[in-house]
Amino acid sequence: MPIDLSDARAAAPALLGAVLVREKAGCPTRRARIVETEAYLPNDPASHSFGGETRRNATMFGPAGNAYVYRIHRVVCFNIVTGEAGTGEAVLIRAVEPLEGRAEMEAARTRATVGRSRPWNYDLCNGPGKLCQALDIELSHDGAPLIGPGRTPSDSISLQPAPHAARFRSTVRIGISKAKEEKLRFVLPDSLWLSRKL
DNA sequence: ACGGAGATGGACT
DNA sequence: GTCCATCTCCGTT
């Protein structure tokens, strides 16, 4: 069963339990389970696509299944484009649980963080910027296809569907100032790797 | 365990 | 000049 990326509201919970696979030449494979997502809908005042297409958000208006990667403050965030091309919707991946290649994730986080000496814990990848550091997701991956052909084998991000539909909970989204009331954040309620506790 | 402040850089108007 | 889909540290419980 392919993952339902037909629209962001359906895709955000459907992506819970799916596994991100990061392949990079010279690095061990990193795999991580998605435990927290947020939907950004068409005509959503909190979405980057609100107000139309610009250079920065252009891949949001492209086909579903591509990575939308943007920079905010010091870090980048990783989204999966959903819906028909032109609708400008996506799902933000907010937290993942490491499954494989954890040492490589810790090394990547250490590389990206200055002055950290204590060991990594649940803060390894429990946030949208942190997981991009742990998986070496960069601005250059903006627009990259995650599913099907067209990926770069030596530098790919791909997706394995969840083995079964996950039991989830929804809450309000985090870190936004507009359209705060809608419950468009989706989590695996028992996960220890959420960016915030329930 | 939780909350607030400051760092910070680019996109957009 | 303003606005952030954030992170980390350091304070207080």
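All values derive from a computational prediction rather than experimental measurement. Each chain gets a letter, A, B and so on, in the order the sequences are listed, and its residues count up from 1.
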Report yes if the side chains of Val19(A) and Ile34(A) come closer than 4.5 Å at any heavy-atom pair, otherwise no.
-> no

Can Arg116(A) and Asp123(A) be counted as an ion pair, charged N to O under 4.0 angstrom?
-> yes

Would His48(A) and Tyr70(A) count as a close aromatic pair, with their ring centres under 6.0 Å?
-> yes

Report the distance from atom CZ of Arg55(A) to atom C1' of dT13(B), rounded to the nearest whole Å.
-> 16 Å

Find the runs of at least 3 consecutive base pairs, i with j, i+1 with j-1 and so on, that include DNA chain C, using Watson-Crick or G-U wobble geometry with both distances under 3.5 Å.
-> B:1-7 with C:6-12, B:9-12 with C:1-4

Determine, for Asp136(A) against Lys24(A), whether the closest basic-nitrogen to carboxylate-oxygen distance falls under 4.0 angstrom.
-> yes

Just wondering, do Leu188(A) and Trp193(A) contact through their side chains at under 4.5 Å, heavy atoms?
-> no

Heavy atoms from other residues, nucleotides or ligands near CD of Glu84(A) exceed 12 (cutoff 6.0 Å) = no

Between Glu182(A) and Arg9(A), is the closest basic N to carboxylate O distance under 4.0 Å?
-> yes

Side chain Arg30(A), main chain Ala134(A), donor-acceptor under 3.5 Å | yes

Reading nucleotides 4-13 of chain C from 5' to 3' and marking B where a protein heavy atom lies under 4.0 Å of the base, S where only the sugar-phosphate is that close, and - otherwise, the string is BBBSSS----

Does any N or O in the side chain of Glu38(A) come within less than 3.5 Å of the main-chain N or O of Ile174(A), such that one atom is a donor and the other an acceptor?
-> yes

Of residues 189-198 of chain A, the positions that come close to DNA chain B - non-hydrogen atoms, cut-off under 4.0 Å | none

Only residue of Leu146(A), Ile147(A), Leu159(A), Val91(A) satisfying side chain to side chain contact (heavy atoms under 4.5 Å, CB included) with Leu5(A) is Ile147(A)

